[in-house]
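The next block holds one structure in the form of structure tokens; read it before the comments.
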Amino acid sequence: MFLTACSIESSNSSTGRNGGEEKKKEITFLSNFPSETLDPHLNYTAVRAGVTETLVKVNQNQEIEPWLAESWKTSDGGQTWSFHIKKNITFQNGKKVDAAAVKASLERNIQVSEAMKTALKIKTMEADGQTLIISNERKLPHFPSELVHPNTAIVDSMAENIEQKPIGTGPFKVVSFEPNSKLELEKYEGYWDGEVKLDRATMTFNEDANARTTALQSGDADIVYRPAIESIESLKSDKSIKTDVVASLRTHLLMYNSGKETFKDINVRKAFDALIDRQSVADDIMAGQATVAKGPFLADSPYSPDYEKKQFSVEKAKKHLEKAGYELKDGKMVKDGKQLTLNLMTYSYRPELPLISQLLQSNAKELGITIEIQQVENIDEYLAEKTDWDIATYSLITAPRGDASYFLNSAYMAGGAINPGQIQNDRITKLIEDLNQTLDNKKRNELSKETIKIIDQEALHSFLVHPNNFVAYKDYVLNWQTSKSEYYTLTKDLDVRVK
């Protein structure tokens, strides 16, 4: 892939007021996030690139805070919400952002995105000046946290070609976009939240971690998101490069297809849970850039319970399989005369996931289990449309909005966006329904803990590790902050030291 060399030493210049040369401040940011579209209602890139913004955002402490919305409140337990939009905001075409504009953007959002329509459950909206009143189909005490989602970004819905050039409220305007290749940006002079330090920025995309590392070292990129894990230590020793590592809100996990008879048996699920050496994944596959996961959320999250201790043991896995009616015969794990043979789906977007798949395959082989690994391009699309899979490696941000409800609703409720394994558990469903109707935060955390304990006991997923978020950048890049949520990358404060 050709990358535009855009380090500060080769920045373009323009004539200053006194006839001198004035250097333009610009950077190239290289990530592993490919983007086929810039439509913010279908893709996260517009928010990550600082083109669009949401009503509410999440900070580094997993707390939601105002962004385009100044304040919000409910008077009926969470069914009707009143949002007051800040007064001094304009879109990048100069149009004022009022409640009517926000309403139009959200209407487009639920029209083009079935997932967001399902999540937001908006029944009606009324705009009056800077106040937007949203009435939902039912009580949603966590509704403001849903508006942190990048796909709820506010755009001028009347603008043309939103897929290629959305008009947002952020510090950067789109200059040009080449799908899955390059996004060129320039500062928005009328940005509502203060001075934008950079004049230009370029976002490029490459799924190859080694290529991203090489681009930084060669000067073809100024900031690289997720360089190759094995390169972290060598990058730290380079005085011209800085590295930033933070614990992420992401979790790598195994999904089981509960629609298959094999994985309807809790003992089979527990057997495969015991076949994963989580510490080896963290230390070896992740090169120490991960922590062992006890459950879906970081252990210090207010909605994480105490868990049953996880133990990697091939012998323990064998005992669980024997309880499920299997026996090890002539080197093969069999039941009713058939060897246990499974299809495991993985993808290269996270290069460690195929390696985790191979580790599981190797451990399972010791018990006479055959696992056939298939690498797919779009894991979400495949799992949603196909039924021929038994296990899948998966990775997601489980608590992107400072609350457990997103993951619980998505992964364990019927029709959930990340429930392709058809998980159905009456106790869990009832607890999540109660959670969805509860406004008090302390009570919500208790309900979440109770739900997660059942998930753990039933081994409905196997949670493996929490990978670190790591970024490497040139030493002349200023004010970079690695986002735990992975939502925010190019900001108004990002800057470079002019030489």
Side-chain angles (χ1 to χ4, degrees), residues 29 31 33-59 64-70 83 85-86 88-113 115-116 119-120 132 144-177 179 182-194 196 198 200-203 205 225 397 400-401 483 485-494:
F29 174 86
S31 81
F33 303 125
S35 302
E36 293 182 359
T37 177
L38 274 189
D39 188 336
H41 296 154
L42 300 173
N43 189 282
Y44 291 11
T45 299
V47 167
R48 286 175 172 146
V51 175
T52 57
E53 299 167 318
T54 51
L55 293 178
V56 182
K57 71 185 303 186
V58 64
N59 63 26
I64 63 171
E65 59 184 37
W67 206 1
L68 299 182
E70 180 172 86
F83 288 85
I85 314 303
K86 291 175 180 175
N88 62 327
I89 303 173
T90 60
F91 287 114
Q92 292 149 356
N93 55 12
K95 290 184 182 178
K96 179 178 173 59
V97 177
D98 55 14
V102 173
K103 175 177 178 287
S105 181
L106 291 175
E107 286 173 339
R108 180 187 185 275
N109 188 190
I110 60 181
Q111 181 181 9
V112 303
S113 172
M116 292 315 303
L120 299 178
L132 178 65
S145 71
E146 293 289 353
L147 297 176
V148 172
H149 197 297
N151 288 158
T152 67
I154 305 304
V155 294
D156 179 359
S157 61
M158 302 302 292
E160 297 180 357
N161 199 15
I162 292 177
E163 297 80 6
Q164 291 281 321
K165 201 170 184 179
I167 304 297
T169 60
F172 296 102
K173 300 190 297 183
V174 177
V175 175
S176 65
F177 173 62
K182 184 168 64 174
L183 168 62
E184 293 186 334
L185 306 153
E186 65 181 8
K187 72 189 294 183
Y188 172 42
E189 296 286 356
Y191 183 54
W192 64 274
D193 196 24
V196 182
L198 292 174
R200 299 191 187 100
T202 301
M203 289 188 77
F205 315 93
Y225 192 87
I397 302 171
R401 304 191 273 285
S483 166
S485 69
E486 302 180 32
Y487 286 169
Y488 319 115
T489 54
L490 302 187
T491 68
K492 71 179 180 69
D493 297 317
L494 190 60

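Predicted model, so just to flag it, every value in this text is computed and none were measured.
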Which heavy atom in [X] sits nearest to a heavy atom in [Y], and how many Å separate them?
X    : Y    : value
A69  : F83  : CB-CD2, 4.2 Å
P166 : V155 : CB-CG1, 4.4 Å
A201 : L490 : CB-CD1, 4.0 Å
N43  : P34  : ND2-O, 4.4 Å
L494 : T489 : CD2-O, 4.4 Å
V102 : L132 : CG1-CD2, 3.7 Å

What's the separation between atom [atom1] in [X] and atom [atom2] in [Y], rounded to the nearest 0.5 Å?
X    : Y    : atom1 : atom2 : result
I162 : S105 : CD1   : OG    : 7.5 Å
I397 : S483 : CD1   : OG    : 7.5 Å
T169 : D193 : OG1   : CG    : 10.0 Å
S176 : L185 : OG    : CG    : 8.5 Å
M203 : F33  : CE    : CZ    : 8.0 Å
L42  : M116 : CG    : CE    : 10.5 Å

- Atom NZ of K165: over 12 foreign heavy atoms under 6.0 Å: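 Counting other residues, nucleotides and ligands, NZ of K165 stays at 12 neighbours or fewer.
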- Message: Could you work out, with salt bridge (charged side-chain N to carboxylate O under 4.0 Å, His left out) as the rule, every residue matching K103, not counting sequence neighbours?
- Response: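 Once residues adjacent in sequence are excluded, the partners of K103 under the salt bridge (charged side-chain N to carboxylate O under 4.0 Å, His left out) criterion are E107.
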- Query: Among all residues two or more places apart in sequence or in another chain, which pass the salt bridge (charged side-chain N to carboxylate O under 4.0 Å, His left out) test with K173?
  - Reply: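 For K173, the residues satisfying salt bridge (charged side-chain N to carboxylate O under 4.0 Å, His left out) (neighbours in sequence not counted) are E186.
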Do the non-hydrogen side-chain atoms of [X] and [Y] ever get within less than 4.5 Å of each other?
X    : Y    : result
P150 : T45  : no
L147 : W67  : no
K57  : N59  : no
Q164 : P179 : yes
I154 : I89  : no
Y188 : T90  : yes
Y487 : T54  : no

- Item | Those residues that, when tested against H149, pass ring pair (Phe, Tyr, Trp, His ring centres under 6.0 Å) (two or more places apart) |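 Counting only residues at least two positions away or on another chain, H149 forms a ring pair (Phe, Tyr, Trp, His ring centres under 6.0 Å) with Y44.
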- ring pair (Phe, Tyr, Trp, His ring centres under 6.0 Å) against Y191, all qualifying residues, sequence neighbours excluded: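 Scan of Y191 (ring pair (Phe, Tyr, Trp, His ring centres under 6.0 Å), adjacent residues dropped) gives none.
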- T37 versus E163, side-chain donor and acceptor atoms under 3.5 Å: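 The answer is no; no qualifying pair exists.
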- Task: Go through the steps to decide whether Y488 and V58 satisfy the test side chain to side chain contact (heavy atoms under 4.5 Å, CB included), and finish with yes or no.
- Result: CA-CA 10 Å; Y488 319 115; V58 64; 3.9 Å; yes
Tell me which donor-acceptor pairs under 3.5 Å the side chains of residues 91-98 have, and how far apart each pair is, sequence neighbours excluded?
{"from": "Q92", "atom 1": "OE1", "to": "G168", "atom 2": "N", "distance (Å)": "3.1"}
{"from": "Q92", "atom 1": "NE2", "to": "V51", "atom 2": "O", "distance (Å)": "3.0"}
{"from": "Q92", "atom 1": "NE2", "to": "G170", "atom 2": "O", "distance (Å)": "3.1"}
{"from": "Q92", "atom 1": "NE2", "to": "F172", "atom 2": "O", "distance (Å)": "3.0"}
{"from": "N93", "atom 1": "OD1", "to": "K95", "atom 2": "N", "distance (Å)": "3.2"}
{"from": "N93", "atom 1": "ND2", "to": "D156", "atom 2": "OD2", "distance (Å)": "2.8"}
{"from": "K95", "atom 1": "NZ", "to": "D156", "atom 2": "OD2", "distance (Å)": "3.2"}
{"from": "K96", "atom 1": "NZ", "to": "K87", "atom 2": "O", "distance (Å)": "3.0"}
{"from": "D98", "atom 1": "OD1", "to": "A100", "atom 2": "N", "distance (Å)": "3.3"}
{"from": "D98", "atom 1": "OD1", "to": "A101", "atom 2": "N", "distance (Å)": "3.0"}

- Query: Are any side-chain N or O atoms of H41 and backbone N or O atoms of I110, one a donor and one an acceptor, separated by less than 3.5 Å?
  - Reply: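 Not at all, since once roles are kept as given, no pair shorter than 3.5 Å links the two residues.
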- Could you tell me whether the side chain of N151 and the main chain of N109 form a donor-acceptor pair under 3.5 Å?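 Side chain of N151 to backbone of N109, a donor-acceptor pair under 3.5 Å: no, none is there.
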- Item | Listed once per pair and sorted, the salt bridge (Lys or Arg N to Asp or Glu O under 4.0 Å) pairs that draw on residues 34-56, sequence neighbours left out |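 Salt bridge (Lys or Arg N to Asp or Glu O under 4.0 Å) check on residues 34-56 returns D39-R108.
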